[in-house]
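Inspection log for the structure reproduced underneath, given as structure tokens.
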Amino acid sequence: DIDDEGHKYYLELELEDVLDKDSTVSCTAEVLYHLGSRASAPDVQVTVHGELRSTQEADKEFYNWIRSLEKELVAENIPDSHGNIPPELEPIHLLAWVASGYVIWQNSTENTKFHLAQVQHVKQVKRSDEDLQFDFVVLLHEMVSQEVLPWEVTLLWHPQRGARVSQS
């Protein structure tokens, strides 16, 4: 369905609960790509049919663990070449997924299909405020061309304010 504003797509999705891999929730999404405007991300309206579990406790635990580290967290190759993610780095992988989602929305067209392949490198950056900052190099697999593209992206996160991408 195309209107004067751009291209509209309607999607029906199953979301996997990140805390309970056996649980899924249905949702629908309306995606509007603006005609002639590659610089702006599409508008997305999502409706969730059901309830997602709260991550509040897990978010607090992760936040407190990162804040308690004597040295900044540094990690590479998440997941590793066998697809394994150490349990303590699962939240880092999820934050990279959020950050890469921003990059994907900003750079997607009707002819692309990006997928987060791997966190090649992540480094925590100490800040004077309450936010956690992670500088990522993510590898995005472009499914149509089969290219694997590295992207640098900085993500700020706080359990009460959520994630914000500050640059990419």
Side-chain angles (χ1 to χ4, degrees), residues 11 13-27 29 31 41-42 44 46 48-108 112-168:
L11 309 168
L13 309 165
E14 290 284 320
L15 296 177
E16 184 178 273
D17 189 322
V18 296
L19 297 178
D20 180 2
K21 299 295 185 196
D22 295 327
S23 176
T24 59
V25 176
S26 295
C27 73
V31 181
V44 180
V46 176
V48 176
H49 309 284
E51 284 191 43
L52 294 171
R53 283 184 31 191
S54 173
T55 61
Q56 193 171 16
E57 258 328 290
D59 289 350
K60 273 198 255 182
E61 284 180 31
F62 173 70
Y63 180 82
N64 291 333
W65 174 65
I66 292 292
R67 298 280 293 185
S68 73
L69 295 175
E70 289 183 26
K71 291 185 149 203
E72 292 87 357
L73 178 114
V74 175
E76 294 186 352
N77 303 325
I78 307 168
D80 65 17
S81 59
H82 302 288
N84 299 315
I85 301 172
E88 68 275 8
L89 294 181
E90 183 65 35
I92 294 292
H93 186 253
L94 293 173
L95 288 171
W97 185 72
V98 170
S100 65
Y102 176 82
V103 171
I104 290 167
W105 282 123
Q106 289 292 318
N107 296 282
S108 288
T112 59
K113 185 176 179 184
F114 289 104
H115 173 76
L116 174 62
Q118 186 180 52
V119 177
Q120 188 175 39
H121 181 82
V122 60
K123 181 181 187 324
Q124 177 196 1
V125 177
K126 288 283 187 189
R127 296 176 53 89
S128 59
D129 61 14
E130 296 291 311
D131 287 338
L132 298 180
Q133 177 177 331
F134 299 99
D135 291 345
F136 291 100
V137 176
V138 293
L139 299 178
L140 298 181
H141 182 197
E142 205 292 302
M143 304 296 274
V144 176
S145 69
Q146 290 298 306
E147 287 184 84
V148 176
L149 306 167
W151 287 86
E152 293 181 12
V153 62
T154 296
L155 180 116
L156 302 178
W157 181 77
H158 188 278
Q160 293 171 333
R161 289 187 289 281
R164 291 152 347 263
V165 175
S166 66
Q167 69 184 40
S168 65

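What's counted below: heavy atoms across the whole structure, side chains too, no hydrogens, waters or symmetry copies.
For Gln160, the CD atom is loosely surrounded, since the number of other residues' heavy atoms within 6.0 Å does not exceed 12. For Lys71, the NZ atom counts as loosely surrounded, since its 6.0 Å shell holds 12 or fewer non-hydrogen atoms of other residues, nucleotides or ligands.
Annotation: ring pair (Phe, Tyr, Trp, His ring centres under 6.0 Å) contacts of Tyr63 (sequence neighbours excluded): His158. In this structure, Gln118 has no side chain to side chain donor-acceptor pair (under 3.5 Å) partners at least two apart in sequence or on a different chain. Qualifying side chain to side chain donor-acceptor pair (under 3.5 Å) partners for Asp131, counting only residues two or more places apart in sequence or in other chains: Arg161, Arg164. When the side chain to side chain donor-acceptor pair (under 3.5 Å) test is applied to His49, the partners found at least two apart in sequence or on another chain are Thr28. Under the side chain to side chain donor-acceptor pair (under 3.5 Å) criterion, Asn64 pairs with no residue at all, not counting sequence neighbours.
One distance of note links CE of Met143 with OG of Ser145; it measures 10.5 Å at 0.5 Å rounding. In this structure, CG in Asn84 is found 12.0 Å from CG in Asn77, a value given to the nearest 0.5 Å. Atom CD1 of Ile92 sits about 5.0 Å away from atom CD1 of Ile66, to the nearest 0.5 Å. Between atom CH2 of residue Trp97 and atom CD1 of residue Ile104 there is a gap of 9.0 Å, rounded to the nearest 0.5 Å. If you take CZ on Phe62 and CG on Leu94, they are separated by 9.0 Å, rounding to the nearest 0.5 Å.
Nearest heavy atoms, Arg67 versus Leu132: CD-CD2, 3.6 Å. The minimum heavy-atom distance between Val153 and Ala99, with the atom names listed, is CG1-CB, 3.9 Å. The two atoms that bring Ala117 and Pro79 nearest to each other are O-CD, 4.0 Å, heavy atoms only. Nearest heavy atoms, Asn107 versus Thr112: O-OG1, 4.4 Å. Nearest approach of Ala163 to Trp157, heavy atoms of both residues: N-CD1, 3.8 Å. Heavy atoms only, all atoms of each residue included: Leu69 and Gln124 are closest at CD1-OE1, 4.4 Å.
With a 4.5 Å cut-off on side-chain heavy atoms, Asp135 and Glu152 do not count as touching. When side chains are defined from C-beta on, Leu140 counts as touching Leu116, because their heavy atoms get closer than 4.5 Å.
If you look at Trp151 and Phe114, their ring centroids are not closer than 6.0 Å.
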Item checked: Working for side chain to side chain contact (heavy atoms under 4.5 Å, CB included), residues Leu156 and Arg127 -> CA-CA 10 Å; Leu156 302 178; Arg127 296 176 53 89; 3.4 Å; yes
Note to self: Would Leu89 and Leu73 count as a side chain to side chain contact (heavy atoms under 4.5 Å, CB included) here? Give the steps.
What the structure shows: CA-CA 10 Å; Leu89 294 181; Leu73 178 114; 4.1 Å; yes
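Residue pairs meeting the ring-ring contact (aromatic ring centres under 6.0 Å, His included) criterion with at least one partner in residues 121-145, sequence neighbours excluded, are absent.
Put simply, the side chain of Glu142 gets close to the backbone of Lys113: a donor and an acceptor are under 3.5 Å apart.
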